[in-house]
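Right, one structure below, let's go through it.
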Amino acid sequence: MPSLPALVAAAALATAATAAVGWARAHARLRYEQLRARLNRERQTALLDAVRRLGAAAADSLDAVRAELDGAIRRIAPAVDAVLIFDADADGQLVCVRASGARVAYFGGTRIARERASNLPVLALERGHRVTLGADATCGFHPADRFAVAVPLPRGDGPAGAVYAAAPRPVDDAAVEALVALADHAAFAYGLAREREADRRRAEYDALTGLLAPRALRERLALMIEAARGAQLGRVALLFVDTDGFKAWNDAYGHAAGDALLRALAGVLRAAAGPGDVAARNGGDEFCLVLAATEKSRAIERAQALCRAIETLDVAHLRPASGGFAARITASIGVAAYPTDAATASALLERADEAMYHSKRGGRNRVSYAGVDGTLLEAARAALTVS
């Protein structure tokens, strides 16, 4: 039997061991709490930084907001390796407008019907709040997803889309809360960017015809010339189109019929534009067609075809049935080309405008251009002298 001193020593050792274990556990808990507090501080810092950066991105574009949201998600929850952002289209389907991460990159452009009730983004939109993987028989987008959350991105008139974040391992609750808070802030930036893009689009396109507006035309023409300048044998041609007989039409039938005619003419220009070409309304009853990578001789041929298309356009159904006056609608067209006729966008517009007025003076319903010596000529009479 152990002696009393041995028993006392053993008890002391046991007590010390128990105390050591308790201290180690307390220390581990303290370290864990300190680590969690540090992670939470870092997440809060990342969230505040993301809010600032999302605001700046909103002034740029929707794509910039999407990219910033993607990056912020990964900074807040480093375990996340897959981010999908969805927008609702006109038919109510969800369209994947951003697919980030090797595991989900092929989901870009995917459409999801709103009837797929087990899909996380669909559920998030229907319910108006977060939905996580595993709840209510939901499924992820990838078999390797062990964590996933979908959060709606609402706007003033209702849900506009959703963001989906996934990871191959669990993500702690604090990170999930931070992701939800981030999505709430992103929704505001998203809506602001959407409104600004709509404003830019309204400024870029003519409201009546849907063609490019005058200012946007000049910007696009300048960009096309710059691109041609840097390319071997780069060519750009411009057709300046003025409607013959529009004032008489408008005076006889009224502004509603005039608007209908302008929309019809815009349809003719849109049909005449090929890949890479730009159709625009220059104001009033003037239009422009910018032809990419097109030689001047070919541009004149296309201008003649456009002139014939406008001359043969059926406009009878566009005027009131009671209208007795029959206005004849044709077009006077001027052609100019880079680099043959001008080296800048503004100069090219001036040369094409001058050629158009030559068509007007020559009797209208014709195509004009500058010959090799700068003399203005009608296409039908001197097509072989094209430079």
Side-chain angles (χ1 to χ4, degrees), residues 206 209 211-218 220-222 224-225 235-250 258 261-262 264-273 277-292 294-313 327-383 385-387:
D206 175 60
T209 64
L211 300 181
L212 216 61
R215 179 177 176 181
L217 162 67
R218 284 150 178 77
R220 193 74 61 87
L221 179 59
M224 292 173 71
I225 288 177
R235 296 288 185 269
V236 177
L238 174 64
L239 277 54
F240 200 114
V241 183
D242 185 86
T243 310
D244 302 325
F246 179 79
K247 185 179 185 303
W249 173 283
N250 214 40
L261 176 59
L262 290 174
L265 291 170
V268 175
L269 261 79
R270 199 176 286 110
D277 297 342
V278 173
R281 182 184 180 192
N282 193 53
D285 58 336
E286 292 181 348
F287 299 88
C288 287
L289 185 61
V290 185
L291 308 180
T294 303
E295 293 284 350
K296 186 173 179 180
S297 57
R298 176 57 182 151
I300 293 171
E301 292 174 358
R302 290 181 63 178
Q304 290 173 307
L306 177 60
C307 199
R308 288 192 296 271
I310 293 174
E311 182 183 14
T312 57
L313 178 65
R328 182 170 182 246
I329 300 301
T330 59
S332 297
I333 302 178
V335 179
Y338 166 87
T340 307
D341 299 315
T344 66
S346 59
L348 195 64
L349 278 162
E350 288 179 13
R351 300 292 88 76
D353 187 38
E354 289 170 0
M356 181 273 293
Y357 274 107
H358 185 268
S359 293
K360 287 281 189 188
R361 291 190 297 269
R364 306 184 179 187
N365 191 27
R366 62 197 64 205
V367 175
S368 298
Y369 64 95
V372 290
D373 60 353
T375 303
L376 292 172
L377 306 167
E378 290 182 16
R381 291 188 300 173
T385 63
V386 178
S387 57

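Along the sequence shown, the residues carry numbers beginning at 1.
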With [X], which residues qualify under side chain to side chain contact (heavy atoms under 4.5 Å, CB included), at least two apart?
| X | answer |
| --- | --- |
| A292 | M224, D277 |
| A271 | none |
| T344 | S346, A347 |
| A336 | D341, L348, R351, A352 |

Between T312 (side chain only) and R308 (backbone N and O only), is there a donor and an acceptor less than 3.5 Å apart? yes
For R218 and L349, indicate whether the former's side chain and the latter's backbone hold a donor-acceptor pair under 3.5 Å. no
Sequence neighbours excluded, which residues qualify as side-chain hydrogen bond (donor to acceptor under 3.5 Å, both in side chains) partners of [X]?
| X | value |
| --- | --- |
| S359 | S368 |
| D206 | T209, R281 |
| R298 | E301 |
| D285 | none |

What pair of heavy atoms forms the shortest contact from [X] to [Y], and how long is it?
| X | Y | result |
| --- | --- | --- |
| Y369 | K296 | CD1-CE, 3.9 Å |
| A355 | V335 | CB-N, 3.8 Å |
| L269 | C288 | CD2-O, 3.7 Å |
| T294 | A299 | CG2-N, 3.7 Å |

For W249, the option from L262, T243, L261 that meets side-chain contact (heavy atoms from CB on, under 4.5 Å): L261
Let me confirm one number: the CE-CZ distance from M356 to R361, rounded to the nearest 0.5 Å. 9.5 Å
Which residues share a salt bridge (charged side-chain N to carboxylate O under 4.0 Å, His left out) with [X], sequence neighbours left out:
| X | value |
| --- | --- |
| R364 | none |
| E286 | none |
| K247 | D251 |
| E311 | R328 |

Determine whether C307 and N365 make a side-chain contact, defined as any pair of heavy atoms from C-beta on separated by less than 4.5 Å. yes
Under a 3.5 Å cutoff, is there a donor and acceptor pairing between the side chains of D242 and S332? no
How about R215: does its CZ atom have over 12 heavy atoms from other parts shown lying under 6.0 Å from it? no
